Amino acid sequence: MSTSESTSTELLRAQAQIWNHIFSFISSSAVKCAFQLGILDVLCEHGKPMCLSELSAELSVVNSSKVFFLPILMRFLVQSGFLNQDEDHRYFLTPASRLLVKNEPFNVTSLLLLSHGPVFSKAWSELSAWFQNDSPTAFHTAHGKSLWDYIGEEEPRVVGDIFDDALASDSRFNTNVLITECKYVFEGLTSLVDVGGGTGTTSIAIAKAFPNIMCTVLDLPHVIGDCKGSRNLEFVGGDMFDKVPHANAILLKCILHNWKDGDCVKILKKCKESISSRGRGGKVIIIDSVLENPKQSNELVRAQHNMDMLMMVLFGAKERTEKEWEKLFTEAGFTEYKIIPALGLRSLIEIYP
């Protein structure tokens with residue numbers, strides 16, 4: 001149906017829809033503003049709903065005339081579901097907005113600042129250009145190098161530190177759920193290698209929760225740095241494409257979605273070489289998204305597809321459907337797999353030799 005054949009109602013609905021797409025950046029900009037003004041921390045510290053006058057008195061709004069515009073911001077945050085408002089028009093936090101409170105152990109502040117910073121924004125602005133050139137990623141189109149090289153070479157290392165903190169925060173969040181809700185995954189294991197485990201956020205928690213498991217963190221030497229181990233935790237500098245230390249189980253947490261299919265097969269083959277037989281408990285544990293699960297909510301599906309786009313822009317990689325995962329596992333020589341959708345937008349996947 002052409003525009004001229006559409007009814008007025010359909011056109012008006014279409015206009016609203018395209019406006020929402022065009023102005024979708026406003027939502028994350030408003031959230032960033034709320035964080036930077038201290039609105040979320042003030043509401044958290046107050047401990048109970050606050051009226052607008054109480055809230056504005058606590059904020060760092062120097063120009064009093066700007067307070068006039070504060071209700072617009074607050075109304076938007078409530079309408080978008082980021083903040084709550086009671087019948088007395090007092091504001092309070094939602095579970096989502098609590099994740100940007102500074103003292104929240106699972107806060108995603110670094111991810112917000114990184115995604116809204118100039119380095120990532122420039123990569124998004126080059127997306128259409130990337131589709132028309134020979135550059136490996138849109139990030140490379142924008143900056144002339146890969147994200148990994150940019151982080152490693154940047155001086156001072158501001159973006160790299162924020163990036164590392166964002167990954168660590170995500171690891172804390174998912175590992176907490178993994179250990180409390182999926183502890184059966186670790187039953188019977190005596191050793192585990194956390195491939196690409198960074199500074200060990202996940203492995204430190206696993207080693208503490210399961211003292212009988214010897215945990216090894218494998219990552220590049222400059223990432224490991226001077227990280228110190230403990231009784232059942234060690235750090236090993238190395239490259240997952242060259243060699244993975246031997247263990248009962250290998251953990252790949254949010255690693256494979258950073259890589260193209262061919263590289264994923266290489267990584268999985270190295271992991272298969274390093275684990276014991278299935279009869280002796282050998283397996284690879286993968287934590288990553290599985291697209292097109294009909295049982296997932298629209299909120300989770302939307303988050304998965306946002307991450308899918310992010311992987312494309314930053315790494316020229318992608319999230320995968322179950323069929324795409326199965327193809328990788330088969331090509332790497334694994335005989336069986338099991339998918340458990342237990343981690344929100346991500347799944348717990350076990351694959352066996």
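Model, not experiment: these values are computed from the prediction.
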Does the [X] side chain pair with the main chain of [Y], one donor and one acceptor, at a distance under 3.5 Å?
{"X": "S289", "Y": "Q304", "answer": "no"}
{"X": "S274", "Y": "V244", "answer": "yes"}
{"X": "T180", "Y": "N176", "answer": "yes"}

Just checking [X]: does its [atom1] atom have more than 12 heavy atoms from other residues, nucleotides or ligands closer to it than 6.0 angstrom?
{"X": "F23", "atom1": "CZ", "value": "yes"}
{"X": "E299", "atom1": "CD", "value": "no"}
{"X": "H305", "atom1": "NE2", "value": "yes"}
{"X": "E292", "atom1": "CD", "value": "no"}
{"X": "Y184", "atom1": "OH", "value": "yes"}
{"X": "K32", "atom1": "NZ", "value": "yes"}

If I take atom [atom1] from residue [X] and atom [atom2] from residue [Y], how far apart are they, to the nearest 0.5 angstrom?
{"X": "L252", "Y": "H257", "atom1": "CG", "atom2": "NE2", "result": "11.0 Å"}
{"X": "L147", "Y": "L314", "atom1": "CG", "atom2": "CG", "result": "5.5 Å"}
{"X": "S347", "Y": "W325", "atom1": "OG", "atom2": "CH2", "result": "9.5 Å"}
{"X": "Y352", "Y": "I275", "atom1": "OH", "atom2": "CD1", "result": "10.5 Å"}
{"X": "I39", "Y": "F82", "atom1": "CD1", "atom2": "CZ", "result": "9.5 Å"}
{"X": "L59", "Y": "K66", "atom1": "CG", "atom2": "NZ", "result": "13.5 Å"}

Between [X] and [Y], what is the shortest heavy-atom contact and its length?
{"X": "V159", "Y": "L114", "answer": "CG1-CD1, 4.0 Å"}
{"X": "V217", "Y": "G200", "answer": "CG2-CA, 4.0 Å"}
{"X": "A317", "Y": "W259", "answer": "CB-N, 3.5 Å"}
{"X": "C215", "Y": "S203", "answer": "SG-O, 4.2 Å"}
{"X": "P353", "Y": "T335", "answer": "O-OG1, 3.0 Å"}
{"X": "M240", "Y": "L218", "answer": "CA-CD2, 4.2 Å"}

(request) Would you please name every residue forming a side chain to side chain donor-acceptor pair (under 3.5 Å) with E126, sequence neighbours left out? (result) none
(message) Could you work out, with side chain to side chain donor-acceptor pair (under 3.5 Å) as the rule, every residue matching T94, not counting sequence neighbours?
(response) S97
(request) Would you mind checking if R98 and E104 are paired as a salt bridge, meaning a charged N to carboxylate O distance below 4.0 Å? (result) no
Using the rule that two of Ile, Leu, Val, Met, Phe, Trp, Tyr join whenever any of their side-chain heavy atoms come within less than 4.5 Å, decide whether [X] and [Y] are in one cluster.
{"X": "L43", "Y": "F106", "result": "yes"}
{"X": "L328", "Y": "I255", "result": "yes"}
{"X": "M309", "Y": "L300", "result": "no"}
{"X": "V193", "Y": "F235", "result": "no"}
{"X": "L310", "Y": "L343", "result": "no"}

(request) Please say which of N248, I206, L251 ends up in a side-chain contact (heavy atoms from CB on, under 4.5 Å) with F186. (result) I206
(message) Is the distance between the ring centroids of W148 and F315 under 6.0 Å?
(response) yes
(message) Please tell me whether F139 and W124 form a close aromatic pair, meaning their ring centres lie under 6.0 Å apart.
(response) no
(request) Check the pair D242 / K266 against salt bridge (Lys or Arg N to Asp or Glu O under 4.0 Å), numbers first and verdict last. (result) CA-CA 9 Å; D242 294 332; K266 291 177 184 178; over 6 Å; no
(message) Below 30° counts as parallel, above 60° as perpendicular, anything between as tilted: where do the rings of F329 and F334 land?
(response) perpendicular
Compare all side-chain heavy atoms of [X] with those of [Y] and state whether any distance is below 4.5 angstrom.
{"X": "S125", "Y": "K122", "answer": "yes"}
{"X": "C44", "Y": "K102", "answer": "no"}
{"X": "L178", "Y": "I287", "answer": "yes"}
{"X": "C264", "Y": "I267", "answer": "no"}
{"X": "C254", "Y": "D170", "answer": "yes"}
{"X": "L268", "Y": "I286", "answer": "yes"}
{"X": "T330", "Y": "K327", "answer": "no"}
{"X": "V290", "Y": "P341", "answer": "no"}

(request) Under the salt bridge (charged side-chain N to carboxylate O under 4.0 Å, His left out) rule, collect the residues that match up with R90, sequence neighbours excluded. (result) D86, D88
(message) Could you work out, with salt bridge (charged side-chain N to carboxylate O under 4.0 Å, His left out) as the rule, every residue matching D134, not counting sequence neighbours?
(response) none
Under a plain distance cut-off of 3.5 Å, with no hydrogens placed, do [Y] and [X] share a side-chain donor-acceptor pair?
{"X": "T141", "Y": "N133", "value": "yes"}
{"X": "S28", "Y": "H116", "value": "yes"}
{"X": "T175", "Y": "T202", "value": "yes"}
{"X": "T216", "Y": "E234", "value": "yes"}

(message) side-chain contact (heavy atoms from CB on, under 4.5 Å) for F163 and D161? Distances and angles first, verdict last.
(response) CA-CA 5 Å; F163 184 82; D161 289 342; over 6 Å; no
(message) Per the salt bridge (Lys or Arg N to Asp or Glu O under 4.0 Å) rule, what does the pair list look like for residues 34-52, sequence neighbours excluded?
(response) none
(message) With salt bridge (Lys or Arg N to Asp or Glu O under 4.0 Å) as the rule and sequence neighbours excluded, what pairs involving residues 316-325 come up?
(response) D261-R320, K318-E324
(request) For side-chain contact (heavy atoms from CB on, under 4.5 Å), just list the numbers for S27 and F76, CA-CA rounded to whole Å, side-chain angles, deciding distance to a tenth of an Å, and then say yes or no. (result) CA-CA 8 Å; S27 181; F76 181 90; 4.3 Å; yes
